[in-house]
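As structure tokens, the structure follows; a few thoughts come after it.
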Amino acid sequence: MTNNKGPIGIFDSGIGGLTVLKEVLKMLPSEDTLYLGDTARLPYGTKSEETVIKYSIENTRFLLKYNIKLLIVACNTASAVSLPVLRKQFSIPIVGVIEAGARAAVRATKNGKVGIIGTDTTISSSAYTKAIKSVSPDMDTVGQPCPLFVPLVEEGWIDDDITLSVAERYLGPLKNKDIDTLVLGCTHYPLLKGVIQKVMGSGVTLIDSAEETAVEVTEVLMRMNLNPPYTPFSKGGEVNVPVRRFFVTDVPRRFEEQWSRFLGEKLSKIEKIDLIL
Ligand code: DGL
């Protein structure tokens with residue numbers, strides 16, 4: 001039996017995946033959603049593949065306790081290394097952020113040259129390159145890790161000269177590679193779109209994998225008949241308000257400020273949980 005009434009589960013290493021949730025809520029406002037941010041073990045982007053896979057399995061097991069109907073791995077690093085294992089181990093549909101971003105990049109490029117930026121682990125996994133080439137084998141890709149972008153976004157230095165210098169340093173080598181499309185392969189990078197576009201110039205199309213993932217989730221739900229029937233009112237006549245729950249494994253300092261930066265709204269009620277009990 002299809003579980004079209006269950007919530008959508010989303011996890012990320014922290015609160016960066018809220019950029020994905022934000023796009024999902026725009027497209028699917030009546031869906032119930034459960035977000036898990038593994039803030040206690042962040043960052044994933046500098047950890048080994050083995051560790052990221054272990055964490056991803058634990059996050060998925062936690063969300064499955066709530067009978068989720070679909071899982072979004074809203075972390076590029078976790079998507080890059082753990083999707084095949086998760087899909088083998090769990091039977092619900094699982095959407096990562098990489099395949100959607102790869103397809104959008106192939107659609108956008110005119111000269112077949114695509115750049116990819118992400119964390120160290122994402123770039124060294126070559127997951128984007130593999131995904132892009134599986135859509136279109138003739139594509140030329142070039143990857144560039146930009147590890148300092150994550151702490152700069154968390155610090156709130158979005159439109160700052162220091163961020164601009166860091167971006168010039170990281171993106172300089174890509175500018176000589178004649179790419180016309182650049183994939184923002186990390187949950188934090190959509191917040192730096194302005195700076196990245198400034199450095200790359202208006203001739204380069206930026207691909208935001210958060211937006212593309214929301215499109216893919218919508219398509220998967222429709223294809224699998226997993227959309228809930230639209231019921232604006234309950235039997236009693238009250239307005240049905242979609243459930244939105246937020247779980248985190250730690251509440252770090254300055255959490256509130258960072259939260260609103262990513263989701264574009266104030267910190268809602270969050271539930272601190274322990275994944276390993
Ligand atoms: N969420 C991670 C990603 O998209 C970035 C933060 C981290 O390194 O954990 O790759």
Does [X], at its [atom1] atom, have more than 12 non-hydrogen atoms belonging to other residues, nucleotides or ligands within less than 6.0 Å?
X	atom1	answer
Asp161	CG	no
Lys198	NZ	no
Arg169	CZ	no
Asp250	CG	yes

Checklist entry - Do NZ/NE/NH1/NH2 and the carboxylate oxygens of Glu58 and Arg61 come within less than 4.0 Å? => result no
Next on the checklist: Closer than 4.0 angstrom, basic N to acidic O: yes or no for Glu99 and Arg103?
Outcome noted: no
Could you grab the distance from atom [atom1] of [X] to atom [atom2] of [Y], nearest 0.5 Å is fine?
X	Y	atom1	atom2	value
Glu256	Ile270	CD	CD1	9.0 Å
Thr141	Lys177	OG1	NZ	11.5 Å
Cys75	His188	SG	NE2	9.0 Å
Thr249	Ile273	OG1	CD1	6.0 Å
Phe262	Thr187	CZ	OG1	6.5 Å
Met200	Leu182	CE	CG	5.5 Å

Should [X] and [Y] count as side-chain neighbours, where that means a heavy-atom distance under 4.5 Å?
X	Y	result
Pro147	Thr46	no
Ile8	Leu221	yes
Ile57	Leu86	yes
Thr121	Lys47	no
Ile117	Leu184	yes
Leu275	Leu36	yes
Thr218	Leu28	yes
Glu271	Arg245	yes

Item to check | Worked check of salt bridge (Lys or Arg N to Asp or Glu O under 4.0 Å) between Glu50 and Lys54 | outcome: CA-CA 6 Å; Glu50 192 191 351; Lys54 176 175 169 289; over 6 Å; no
Next on the checklist: As a test of understanding, state which of Ser13, Ser82, Ser79 forms a side-chain hydrogen bond (donor to acceptor under 3.5 Å, both in side chains) with Ser56.
Outcome noted: Ser82
Next on the checklist: Consider side-chain hydrogen bond (donor to acceptor under 3.5 Å, both in side chains). Of Thr119, Asp12, Asp38, which one does Tyr44 pass it with?
Outcome noted: Asp38
Checklist entry - Does Ala167 have any side chain to side chain contact (heavy atoms under 4.5 Å, CB included) partners at least two apart in sequence or in another chain, and if so, which? => result Phe149, Leu171, Val195, Val199
Using modelled atom types and a 3.5 Å cut-off, is there a donor and acceptor pairing between side-chain atoms of [X] and backbone atoms of [Y]?
X	Y	result
Gln197	Val204	yes
Tyr189	Cys146	yes
Tyr170	Leu148	yes
Arg261	Val153	yes
Lys266	Ser260	no
Lys113	Val142	no

Item to check | Any donor-acceptor N or O pair under 3.5 Å, side chains Thr51, Ser48 | outcome: yes
Item to check | Val97 with Ile15, same ILVMFWY side-chain cluster at under 4.5 Å | outcome: yes
Checklist entry - How are the rings of Tyr35 and Trp259 set to each other: parallel, tilted or perpendicular (split at 30° and 60°)? => result perpendicular
Item to check | Matching residue for Ser125 among Val81, Ile98, Val52, Asn76 - test: side chain to side chain contact (heavy atoms under 4.5 Å, CB included) | outcome: Val81
